[in-house]
Amino acid sequence: MKIISLIKSCKHKPHLLQLHSFLLRSSHFHNPTVFLAFLSRLALPPLHDLSYSGRVFSAFPDPNVSLYNTLIRAHSFRRDSSRRGFQFYHELLHSGISSNALTATAAVKCCAKMESLSIGTQVHGRIWRDGYLSDSLLQTTLMDFYSALEKGNDACKVFDEMPEPDVVAWNVLISCYTRNGRTRDALALFDVMRRSDSCIPDDVTCLLMLQACGSLNSLEWGEKVHTFVLEHGLIGSRRVSNSLITMYSRCGCVEKAFEVFRHSADRRDVVSWTAMISGLACSGYGRDAVEAFEQMQSEGVSPGEQTFTALLSACSHSGLVDEGRMYFQAMGHDFGVVPNVHHYGCMVDLLGRAGMLDEAYGLIRSMRIKPDATMWRTLLGACRIHGHAGLGERVIEHLVELKAQEAGDYVLLLNIYSSCGDSDKVMEVRKAMKDRGIHTTPASSTIELKGKVHEFFADDVLHPRKREIYEMLGEIIQQLRIGGYVAEISSEMQRAESESEACVLSYHSEKLAAAFGILSTPPGTTLRIAKDLRICVDCHNFFKILSAVYNRRVVIRDRARFHRFGDGVCSCNDYW
DNA sequence: ATAGGGTTAG
């Protein structure tokens, strides 16, 4: 069939349209297979023209199930078209044409995009009735559906019913775990999967694992996956080497990220460069990030939306205000990239950190897009840094207006007042929080030791080795005092309830994690700690001095970036 | 030969 390969080779729309008129004139369209090939090309990505393919479809005299399946699937890729896709499914069920397992698969995908648990569950019931459940494609799609709607247990149930889950089913299970807050269990699945002899991990498995390692700051696991990648010849996959770069960056090892980047010279794309730039950015190497950006262009790769996000965040983390402004301008003028919410967010952060709060506020007001809660929160963070209570109050009002105010926002406001020494206002916010029943979720830090991730909370009382840990921490503080550490309890508060008497013995979770790390590793080992909020000034000082007194490198991953301590200095240049 | 799995500021 020459005509089918001709259709398949069509890469551009005008070309395909030309072919369309030719097909209409010829008798080829009487052949359903040819028509199907044409419709698929038109409706599915990369062309993905839904309205045109809808018209072509309705002009066809006798549609069959394959045509419907293609059309339903084409509509299942995006949320805004998924409802229409489901309507086609409905139409098919009432048309007298019998559906098959692939129909159900596409319909379930639509349900996932529509985010409708009830409709999806009904479809699942129908699938049960029609006896398609043994179809592995359909089963994995169902798993993905439940996973997307945060019904992890239902996804697991479908998985358990598969007699011999293939590699994709395992991958969906892994992604289900990471999506539903069970990242550590996701890591464990890698070994379980390797033990089950039915399949071996593929490139996507590695990609998912590396993502999980990155989010848990789990370097040892990450290295294990890296070894697997090398042993199984998956390093040649661009997606895999890109996620290795991201993993090493997220684990605070830019050097290793760069190593992978260097070795992937033959297969670098925008994603590789963007990953590298953002890795440099959050490790405090703003200048290198900017340099990498220029280097990338000289190698003929043009930057994309996310590249600018990474670049602007590099500028904001390193305080490169002029460069940031310049690139923000150039982005629109020279590269035709329309600033999105991420770009604006970076600029607000950049200006805000640098103390240009009014300009940051002005930028938000001037945007053509609606500011989201995160944007306001970024500005609130800047108000906290510069102790700007007046603007802070206005920002809170905006958050309230969006009905998006969270406990953390009140804590920020409270810290603003507290750093201004306005104790009346502090009490006022405390009272307001109490009255409205707003409570903070406890902050936590994690540290990885021998491939196991340990989690600590502020003033942890649950840890089995808490006695030892607290003793160790007491000793460390003694030592650090000699090195010049002075505890600064005043302006930082992460627990709204902690009142004066408790403060003396109140320890942030990162200090507990560090004590545990020193207790459990030989001298000289780098401590790698991840913290879910931002590190406070006092802890920052603590680690700076600790790195000199104990002669240890400490890498802290914060909510925003990395703080790399060594020999009494921090790579982030104490820029707040 | 209509196929199921993954990214984005703080």
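Here is the naming used below: chain letters follow the sequence lines, and residue numbers restart at 1 for every chain.
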Sugar-phosphate only, base, or nothing, as touched by A:Asp372 at under 4.0 Å among non-hydrogen atoms: base
Rounded distance (Å) that lies between atom C1' of B:dT2 and atom OH of A:Tyr132: 14 Å
Closest to side chain of A:His342, choosing from B:dG6, B:dG10, B:dT8: B:dT8
Sugar-phosphate, base or nothing in reach of A:Asn242, heavy atoms under 4.0 Å: nothing
Rounded interatomic separation in angstrom, taking CD from A:Glu406 and P from B:dG10: 17 Å
Touch class at under 4.0 angstrom, heavy-atom based, for A:Gln139 against every strand present: nothing
Sugar-phosphate only, base, or nothing, as touched by A:Thr70 at under 4.0 Å among non-hydrogen atoms: sugar-phosphate
Any A:His317 side-chain nitrogen or oxygen under 4.0 Å from OP1 or OP2 of B:dG10: yes
Parallel, tilted or perpendicular: ring planes of A:His232 versus A:Phe228, cut at 30 and 60 degrees: parallel
A:Phe29 and A:His20 aromatic ring geometry - parallel, tilted or perpendicular at 30°/60° bounds: tilted
Parallel, tilted or perpendicular: ring planes of A:Tyr361 versus A:Trp376, cut at 30 and 60 degrees: tilted
Given B:dA9, B:dT2, B:dG6, the nucleotide with the shortest approach to the side chain of A:Arg179: B:dG6
Separation of B:dA1 C1' from A:Asn31 CG (nearest whole Å): 14 Å
Value in whole Å for how far the P atom of B:dG10 lies from CG of A:Asp532: 16 Å
A:Asp154/A:Lys151 salt bridge by N-O under 4.0 Å criterion: no
Gap between atoms CD1 and C1', on A:Ile364 and B:dG10 respectively (whole Å): 12 Å
Value in whole Å for how far the P atom of B:dT2 lies from CZ of A:Phe57: 16 Å
Side chains of A:Val172 and A:Phe159 in contact at under 4.5 Å (non-hydrogen atoms): no
Contact under 4.0 Å: A:Gln306 side-chain N or O vs B:dA9 OP1/OP2: no
Touch class at under 4.0 angstrom, heavy-atom based, for A:Thr374 against every strand present: base
Touch class at under 4.0 angstrom, heavy-atom based, for A:Val341 against every strand present: base
Distance in angstrom units between A:Arg353 CZ and B:dG10 C1', rounded: 8 Å
Sugar-phosphate only, base, or nothing, as touched by A:Leu208 at under 4.0 Å among non-hydrogen atoms: sugar-phosphate
Whether A:His343 and A:Phe308 hold their rings parallel, tilted or perpendicular, with breakpoints at 30° and 60°: perpendicular
Touch class at under 4.0 angstrom, heavy-atom based, for A:Asn340 against every strand present: nothing
A:Thr33 side-chain proximity, nearest of B:dT2, B:dG10, B:dA1: B:dA1
Nearest-Å distance for atom pair NE2/C1', residues A:His48 and B:dT2: 14 Å
Sugar-phosphate, base or nothing in reach of A:Ser278, heavy atoms under 4.0 Å: nothing
Touch class at under 4.0 angstrom, heavy-atom based, for A:Val172 against every strand present: sugar-phosphate
Under 4.0 angstrom between A:Lys8 side-chain N/O and B:dT2 OP1 or OP2: yes
B:dT8 base / A:Glu305 side chain donor-acceptor hit below 3.5 Å: no
